[in-house]
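Remarks on the structure that follows.
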Amino acid sequence: MIKHFPKIEFPTTRMRRNRNVGWVRSLVRENTLTANDLIWPVFVIDGESKVESIVSMPGVERITVDLLVDNVGAAMDLGIRAIAIFPYVNPELKTPNGGEAVNPDNLVCRAVRAIRDSNLEVGVLCDVALDPFNSDGHDGLLKDGMILNDETIEILCEQAIVQAGAGCDIIAPSDMMDGRVGAIRDALDAKGFKDVIIMSYAAKYASAFYGPFRDAIGSGGALKGDKNTYQMDPANMNEALREVIMDISEGADMVMVKPGLPYMDVISQVKESFGMPTFVYNVSGEYAMVRGAGDQGWLDYDKAVIEILTGFKRAGADGILTYHALDAARLLNG
Ligand code: PBG
């Protein structure tokens with residue numbers, strides 16, 4: 001980039017020349033947002049032909065697996081090419097060791113199989129972590145008030161294998177245990193899943209903005225304590241870069257920063273430092289804020305959504321997991 005111009009002074013230079021009309025603004029636009037950049041997170045529940053609303057996420061629903069294929073097909077018609085599936089697991093199936101996570105017929109695996117059976121050409125991402133299945137709401141095994149790292153990894157590897165076996169394309173460890181990316185890569189390879197992609201939740205912060213998600217999957221009420229011993233301190237940047245380096249060296253194909261809006265600087269540093277395919281999770285609390293304010297008429301929801309998602313692209317994100325995906329895609333399609 002040329003850093004020194006001979007003359008960039010007013011009135012020779014008038015910045016507004018390139019802003020005066022729509023066509024020139026389009027010509028000089030530096031970043032574009034398309035529906036292809038979006039990953040749509042979907043919540044699934046047991047049962048048939050049921051749709052449940054989520055109080056803290058107006059406009060987002062939990063749906064049964066039989067409704068999933070049609071809904072995903074409609075999202076694809078809008079240009080969305082990838083989804084993330086999250087289960088609301090029935091409370092009676094939740095145990096202290098999250099055993100349901102490794103059941104090849106659990107809700108997530110059934111949802112993935114339904115998509116695969118439909119032959120829709122959509123990328124399917126699944127979280128690897130125990131929280132939807134664990135009676136204490138934690139991502140790992142809790143013993144005597146401590147989250148066990150290495151014991152948790154063994155279960156996560158099995159969880160990744162059952163999800164890959166169901167046909168999941170992207171395994172996304174969201175648990176923040178140390179060493180899990182390498183262990184999951186080895187476990188997948190050993191079972192012949194060598195082309196399954198790993199998108200690591202590399203820099204995942206201990207955030208207040210996950211609250212509505214925990215309502216959505218029913219893990220919040222039971223959560224014992226907080227996740228501060230495994231998720232990152234929001235104050236830290238250097239630590240985020242070290243987390244990302246470690247995940248890359250363990251074999252992550254893509255890395256993620258989470259949440260999004262309070263961590264724009266982290267997205268941009270991660271992208272600049274490593275040049276990896278870099279994703280951001282525009283999380284449930286961020287959705288709830290914008291949706292809530294929009295519903296109150298306090299801001300223009302449509303414009304705010306496009307501004308936020310474009311901001312992620314500008315910061316360096318290649319793609320965005322967002323509950324605004326369907327609204328955004330509709331807006332982008334005019
Ligand atoms: C679980 C997980 C969480 C989210 C994605 N996977 C919550 C948590 O860590 O407690 C949050 C997503 C959101 O808030 O939208 N490991």
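We count ligands from 1, going down the list as the structure has it; atoms in each ligand are counted the same way.
Within a 6.0 Å radius of CZ in Arg81, other residues, nucleotides and ligands contribute 12 heavy atoms or fewer.
Of the protein's non-hydrogen atoms, the one nearest atom 14 (O) of ligand 1 is Ser284 OG, 2.7 Å. The protein atom (non-hydrogen) at minimum distance from atom 4 (C) of ligand 1 is Lys258 NZ, 2.5 Å. Counting protein heavy atoms only, atom 1 (C) of ligand 1 is closest to Asp131 OD2, 2.8 Å. Closest to atom 8 (C) of ligand 1, if we only count protein heavy atoms, is Lys227 NZ, 3.4 Å. Considering only non-hydrogen protein atoms, atom 2 (C) of ligand 1 sits nearest to Lys204 NZ, 3.4 Å. Of the protein's non-hydrogen atoms, Asp127 OD2, 2.8 Å is the one closest to atom 6 (N) of ligand 1.
The side chain of Ala129, and not its backbone, has at least one atom closer than 4.0 Å to an atom of ligand 1 (non-hydrogen atoms only; side chain from C-beta on).
Listed by number with element, the atoms of ligand 1 under 4.0 angstrom from any heavy atom of Tyr323 are 12 (C), 13 (C), 15 (O). Annotation for ligand 1: atoms under 4.0 Å from non-hydrogen atoms of Asp139 are 1 (C), 9 (O), 16 (N). Short contacts between ligand 1 and Tyr281, defined as distances under 4.0 Å to a heavy atom of the residue, involve ligand atoms 12 (C), 15 (O).
Note on residues 121-141: pairs passing side chain to side chain donor-acceptor pair (under 3.5 Å), not counting sequence neighbours, are Asp127-Ser174, Asp127-Tyr201, His138-Tyr230, Asp139-Lys227.
With hydrogens and angles ignored, the 3.5 Å screen pairs a side-chain donor or acceptor of Glu286 with a backbone N or O of Val283. Put simply, the side chain of Ser268 never gets that close to the backbone of Gly316: no donor and acceptor are under 3.5 Å apart. Judged purely by atom type and a 3.5 angstrom limit, Glu158 has no side-chain atom pairing as donor or acceptor with the backbone of Val102.
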Test salt bridge (Lys or Arg N to Asp or Glu O under 4.0 Å) applied to Asp318 and Lys271, step by step: CA-CA 9 Å; Asp318 296 289; Lys271 185 65 187 180; 2.9 Å; yes

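If you check the side chains of Ser49 and Asp66, you find a donor sitting under 3.5 Å from an acceptor.
A 4.5 Å side-chain heavy-atom check between Ile147 and Met177 finds at least one atom pair inside the cut-off.
Glu286 does not count as a contact of ligand 1, since none of its heavy atoms falls under 4.0 Å from the ligand. For Phe209, the closest heavy-atom approach to ligand 1 falls below 4.0 Å.
For a threshold of 3.5 Å applied to N or O pairs, the pair formed by Asp175 and ligand 1 contains no separation below that value.
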